[in-house]
Trainee: 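Following this message is one structure expressed as C-alpha cells.
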Amino acid sequence: MGGKPQPPTRPPPQYTNHVDVPRRIIVSLWLFLLAIPAIAADRPILVCFGDSVTAGYGVQTGQAYPDDLQQKLDTNGYRYKVINQGTSGATTKDAVATLPSVLRLRPEIVIVEFGGNDGLRGLPTEQTRKNLETVVSALENAHIKILLAGITLPPDYGPDYIHAFEQVYRDLAGKYHTAFVPMIYKDLVHVPNAIQQDGIHPTAKGAAILADTLFAALKPLLRK
C-alpha cells in the first residue's frame, strides 16, 4: 500500500495508585477528627458547682472530691466526665453570677454545693435562699438533674440562725424534688484527719469520703 508509514502504537500509560494511598490516609484522618466531637458529646457531663470545698482548697491538685468522684464513677462503669467548677470563697451570689458558664457546658447532672460562705459571713438566710433558688430553678428549667448538697455551721452561730440556715436546703430540695444530702460532712465529721486544721475544709482523706457520700446520693440520677 502506498500510504505513509504509521507511527508505532504505544500502550496507554499505566497509572499507579501511589498518590491515592496518602490521600486515603488523609481522608481517614479527617473523618476521625470529625468524629471526635460526636464521641465527646456522647459522654455525659457532671458538673461539681461549688465553693472551696469543691475547688479543693488546701489539698494538692487531683485530691479534691470531684477527682475522687470521677474515679468512683469510672470504677463503677459510669461514663460521665466530671468537671470541677468550684471557686474558693464563692457565695451563693457568686453562684448566680457564674451560672451561665455552667449552663454552657450542657451538663446532664449538677452538684450544687454553695452556702457555707454565706453562713460563715452571717449573711441573711433569705438572701441565701433567693440565690440558691435562682440557681436550682435555672438548672431545672434547663432539664438538668440536680444534687443539692447542704451544710451546717459551727455552734457559736446560735441555734436560731443555724436552724434557719439548714432549713433553706431542706425547703429547696423539697420544692424542686432534687436529690439531696442535708449535710455533706455527715460521714467524715468523726473521722480522724478528715478535716484540715482550719476546721472547715476536708483533707485529701476527707475529700475521698465526701465523694463516697455524694456518689451514694447520685446513684438514682446516673445511667450507664
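Along the sequence shown, the residues carry numbers beginning at 1.
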Trainee: Using residues 205-218 as the side-chain source, report each donor-acceptor pair under 3.5 Å to any protein atom, sequence neighbours left out, with the distance given to one decimal.
Mentor:
| residue | atom | partner | partner atom | Å |
| --- | --- | --- | --- | --- |
| K205 | NZ | P192 | O | 3.0 |
| D212 | OD1 | K72 | NZ | 3.1 |
| T213 | OG1 | D187 | OD2 | 2.6 |
| T213 | OG1 | I209 | O | 3.1 |

Trainee: Side chains of D67 and Q63: any donor to acceptor distance under 3.5 Å?
Mentor: no

Trainee: Nearest 0.5 Å please: distance from the CD1 atom of I109 over to the CG atom of L46.
Mentor: 5.0 Å

Trainee: Using a cut-off of 6.0 Å, state whether more than 12 heavy atoms not belonging to R106 lie near its atom CZ.
Mentor: no

Trainee: Mark yes or no for whether E113, through its side chain, and A149, through its backbone, hold a donor-acceptor pair below 3.5 Å.
Mentor: no

Trainee: State yes or no: do M183 and Y161 share one hydrophobic cluster built from I, L, V, M, F, W and Y residues joined by side-chain heavy-atom distances below 4.5 Å, directly or via other members?
Mentor: yes

Trainee: Got a second to check how far T128's OG1 is from R121's CZ, nearest 0.5 Å?
Mentor: 10.5 Å

Trainee: When rounded to the nearest 0.5 angstrom, what is the spacing between CG in L103 and OG1 in T98?
Mentor: 10.0 Å

Trainee: Should I195 and Y185 count as side-chain neighbours, where that means a heavy-atom distance under 4.5 Å?
Mentor: yes

Trainee: Side-chain contact, heavy-atom cut-off 4.5 Å: L120 with P154?
Mentor: yes

Trainee: Rounded to the nearest 0.5 Å, how far does NZ of K145 lie from OG1 of T178?
Mentor: 13.5 Å

Trainee: Look at E126 together with R129 and state whether they make a salt bridge at an N to O cut-off of under 4.0 Å.
Mentor: yes

Trainee: Not counting sequence neighbours, list each pair that qualifies as a ring pair (Phe, Tyr, Trp, His ring centres under 6.0 Å) and has a residue in residues 103-157.
Mentor: F49-F114

Trainee: If you define the side chain from C-beta out and look only at heavy atoms, does anything of Y65 sit under 4.5 Å from T54?
Mentor: yes

Trainee: Is it the case that N131 and T134 place a side-chain donor and acceptor less than 3.5 Å from each other?
Mentor: no

